[in-house]
K.L.:
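First the structure, which I've put down as structure tokens, then a few questions once you've had a look.
A quick note: this is a predicted structure, and the numbers were derived from the prediction, not measured. We're numbering straight along the sequence, starting at 1.
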Amino acid sequence: MKTYSRNEVAQHNKDGDCWIIIDNRVFDVTKFARFHPGGKWILLTVAGKDATEEFYANHRAEILQKYMDKLCIGTVEGVDMAELSKTVPVPGAISQVPYAESNFWEGFTSRYYDESHLALRSAVRKFFDKELPLSEAAAQDEAGKEPSLEIYQKMGQAGILSGRVGPGDHLKFPGVATPNGIPPEKFTYFHEMIVHEELSRLGCPGLIDGLGAGMIIGLPPVIRFAKDRALAQRVGTEVLQGKKRICLAITDPGAGSDVANINCTAVKTPCGQFYIVNGVKKWITNGNFCDYFTTAVRTGGPGMGGISMLLVERSEGLTTTKIKTSYSPAAGTAYVFYDNVKVPVGNLLGEENQGFRCIMDNFNHERWMIVVGVNRGSRLLVEECFKWASQRKVFGKPLLEQPVIRAKLANMIAQVEAVHHWIENVTLQMCEMSHKDQALKLAGPIALLKLQSTRVSQFVMDEACQIFGGRAITRTGMGQVVERFQRANKFGAILGGSEEIMADLGVRQAMKRFPKVASTRL
């Protein structure tokens, strides 16, 4: 690449002939100036000069990478090329920002992780850095573009889809890839946690949910409860390879969280070979683009004793329409309408009128997954704030020099780290317990963990908004990650069980263990 002296660059300092220096690279922005979103005069004020500080005060680093090939014409002479290369992001690299990564990735000792976890995080991060870099993910999220089948299939080939469903027999299905080639018998919830965290690192909540949130809760009931094991394997394989997509359809518009009172019905035909399904489901994540719908229906009398679960394929009579929510339509949140949909009785999951067991079976895992994603999102905001406070200068010095900003960061870091260590403890219990023991012993702790994680995310979001100021409420630019997070923050506090429900469940579960003996009296 050609080199230029700073004096040479200084000669190109006017309208029609405008060069600038950023990170010791020389950019010819003469033609670009008239297309600059802020107008050409912003560029002309730094024409012929080193504009590194001005650039990073107003632009994210990925903007420079976006235009590097088009506008960079050389480097400043005498620059150490090895040092220069450090300014280019390396796919899969671990962040060097303090507390941007959990402490094992910052060089601390942990009994939870080994080389397989290091390799897995690197592989998944490289995948997303290549396939969905932040600039592209942000554009897709902003446009509300639903994820393509192509990206699903790439995720399937990389084992990311199977990894998001966790340990289990699905990892042994023929043709299903495991994350980074980890043998199924060695894949644990700590590996799964890493996969979820790396998706959350994208910082685009709507798009992240669009990349298989419905699958995580919609596929396990099929794998665990389908009586026809060939059906379970066929559907599981299609979904985990990214060829088909699935979601969970529980909520009726009128029933909401009161699942026992759903009205969507399934009536057997006189021949006994089919169910005819009629009703509506609402707020179904990924529903707008899914092929399969794991659906709660009423096959019996009132209450939870009359509920069954069916695997319903998109077919005649099943239609979907988008629902506009606070975050991006990329999530594919939908109404699902069932109008005399014909479903084979072989698609019954579990026993008829015992569908509530299927519904409850995956709640712990769903809530744990939400917690992992929420807290990784909070950690991302810590990283964003640390970067911003270091490079943003006000009153002649970086924001980080202000004690009030350091105090905000301190409280954000402390709370995120505390939740993360609780997550690791609960994850260890999940690894050591059977599925049955998890249901008996972890429902309360996971509920309280979810409550705490969403309370912390609310605090972190609020502090991040104050640190970024107006940029935190602007959908593009320096604060876009914070803006997307604050717009979607309440999803974690509502989906999978509201904070109030989680708090009550956690204490009610503890009450069951409270000993009725004199020694517990004050």
K.L.:
Would you name the heavy atoms of L120 and P179 that are closest together and state the gap between them?
P.N.:
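Result for this residue pair: CD1-CB, 3.6 Å.
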
K.L.:
Taking only residues at least two apart or on different chains, which pairs with a member in residues 123-144 satisfy ring pair (Phe, Tyr, Trp, His ring centres under 6.0 Å)?
P.N.:
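Every candidate ring pair (Phe, Tyr, Trp, His ring centres under 6.0 Å) pair involving residues 123-144 fails, so no pair, neighbours aside, qualifies.
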
K.L.:
Can any side-chain N or O of T30 pair as donor or acceptor with the backbone N or O of C18 at less than 3.5 Å?
P.N.:
yes

K.L.:
For residues 409-416, please give each side-chain donor-acceptor pair under 3.5 Å, one per line with the distance, not counting sequence neighbours.
P.N.:
{"unit_1": "N411", "atom_1": "ND2", "unit_2": "A407", "atom_2": "O", "d": "3.1"}

K.L.:
Suppose the criterion is salt bridge (Lys or Arg N to Asp or Glu O under 4.0 Å): which pairs have a residue in residues 405-428, not counting sequence neighbours?
P.N.:
R379-E417, K408-E463

K.L.:
Just wondering, more than 12 heavy atoms not from Y99 lying within 6.0 Å of its OH?
P.N.:
no

K.L.:
Per the salt bridge (Lys or Arg N to Asp or Glu O under 4.0 Å) rule, what does the pair list look like for residues 7-21, sequence neighbours excluded?
P.N.:
K14-D17, D15-K40

K.L.:
Between T333 and W283, is any side-chain donor less than 3.5 angstrom from a side-chain acceptor?
P.N.:
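Their side chains do not contain a donor-acceptor pair, so the 3.5 Å distance test is not met.
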
K.L.:
Taking the inter-plane angle between the rings of F187 and H191 on a 0 to 90° scale, is it parallel (under 30°), tilted (30 to 60°) or perpendicular (over 60°)?
P.N.:
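Parallel: the ring planes of F187 and H191 meet at under 30°.
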
K.L.:
For residues R513 and Q509, is any side-chain donor paired with an opposing acceptor at under 3.5 Å?
P.N.:
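On atom types as modelled, these side chains do not qualify, holding no pair under 3.5 Å.
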
K.L.:
Given salt bridge (Lys or Arg N to Asp or Glu O under 4.0 Å), test E146 with R245 step by step and report yes or no.
P.N.:
CA-CA 12 Å; E146 294 170 351; R245 294 180 280 198; over 6 Å; no

K.L.:
Could you give the side-chain donor-acceptor pairs of residues 65-79 under 3.5 Å, partners two or more places apart or in another chain?
P.N.:
none

K.L.:
Does atom NZ (K322) have a neighbourhood of more than 12 heavy atoms from anything else shown, all under 6.0 Å?
P.N.:
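Yes - once you tally the heavy atoms of other residues, nucleotides and ligands closer than 6.0 Å, there are more than 12.
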
K.L.:
Step through the shown structure and confirm whether more than 12 heavy atoms of other residues, nucleotides or ligands are within 6.0 Å of NZ on K282.
P.N.:
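Yes, enclosed.
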
K.L.:
For a side chain to side chain donor-acceptor pair (under 3.5 Å) check, start with the C-alpha distance between E54 and H59, then their side-chain angles and the critical distance, and finish with the verdict.
P.N.:
CA-CA 9 Å; E54 289 84 355; H59 301 85; over 6 Å; no

K.L.:
Got a second to check how far E101's CD is from R376's CZ, nearest 0.5 Å?
P.N.:
5.5 Å

K.L.:
Going by the rule ring pair (Phe, Tyr, Trp, His ring centres under 6.0 Å), which residues pair with W422 if we only count those two or more places apart in sequence or in a different chain?
P.N.:
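Expected list: none.
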
K.L.:
When you look at R6 and N24, which way does the side chain to side chain donor-acceptor pair (under 3.5 Å) test go after all the steps?
P.N.:
CA-CA 10 Å; R6 291 184 180 271; N24 288 314; 3.0 Å; yes

K.L.:
Check whether the side chains of H435 and D361 place a donor and an acceptor atom closer than 3.5 Å, and report yes or no.
P.N.:
yes

K.L.:
Restricting to non-hydrogen atoms, name the atom on R121 and the atom on S102 that form the minimum distance, rounded to 0.1 Å.
P.N.:
NH2-OG, 4.1 Å

K.L.:
Please step through side-chain contact (heavy atoms from CB on, under 4.5 Å) for the pair I423 and N375, ending with a clear verdict.
P.N.:
CA-CA 9 Å; I423 293 172; N375 204 57; 3.8 Å; yes

K.L.:
Go through the steps to decide whether E192 and R164 satisfy the test salt bridge (Lys or Arg N to Asp or Glu O under 4.0 Å), and finish with yes or no.
P.N.:
CA-CA 6 Å; E192 181 190 354; R164 295 200 79 192; over 6 Å; no

K.L.:
Identify, with sequence neighbours excluded, every residue that meets salt bridge (Lys or Arg N to Asp or Glu O under 4.0 Å) alongside D114.
P.N.:
none

K.L.:
Where the side chain of T454 meets the backbone of L451, is there a donor-acceptor pair that is under 3.5 Å apart?
P.N.:
yes

K.L.:
Specify the closest pair of heavy atoms between L495 and K450, including all atoms of both residues, with the distance to one decimal.
P.N.:
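The pair with the smallest heavy-atom distance is O-NZ, 3.0 Å.
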
K.L.:
Can you give me every donor-acceptor pair (side chain of residues 464-476, partner residue at least two apart or in another chain, under 3.5 Å) with its distance?
P.N.:
{"unit_1": "T474", "atom_1": "OG1", "unit_2": "G470", "atom_2": "O", "d": "2.9"}
{"unit_1": "R475", "atom_1": "NE", "unit_2": "E142", "atom_2": "OE1", "d": "3.3"}
{"unit_1": "R475", "atom_1": "NE", "unit_2": "E142", "atom_2": "OE2", "d": "3.2"}

K.L.:
What salt bridge (Lys or Arg N to Asp or Glu O under 4.0 Å) pairs are there with at least one residue in residues 22-39, not counting sequence neighbours?
P.N.:
none

K.L.:
In residues 201-209, what donor-acceptor pairs under 3.5 Å come from side-chain atoms, sequence neighbours left out?
P.N.:
{"unit_1": "R201", "atom_1": "NH1", "unit_2": "D129", "atom_2": "OD1", "d": "3.3"}
{"unit_1": "D209", "atom_1": "OD2", "unit_2": "Y327", "atom_2": "OH", "d": "2.8"}

K.L.:
Could you list the donor-acceptor pairs under 3.5 angstrom formed between side-chain atoms of residues 396-405 and any protein atom two or more places apart in sequence or on another chain?
P.N.:
none

K.L.:
Can you list every pair that meets salt bridge (Lys or Arg N to Asp or Glu O under 4.0 Å) and has a residue in residues 493-503, with sequence neighbours left out?
P.N.:
R455-E499

K.L.:
Under 30°, 30 to 60°, or over 60°: which ring-plane class applies to Y113 and F190, parallel, tilted or perpendicular?
P.N.:
perpendicular

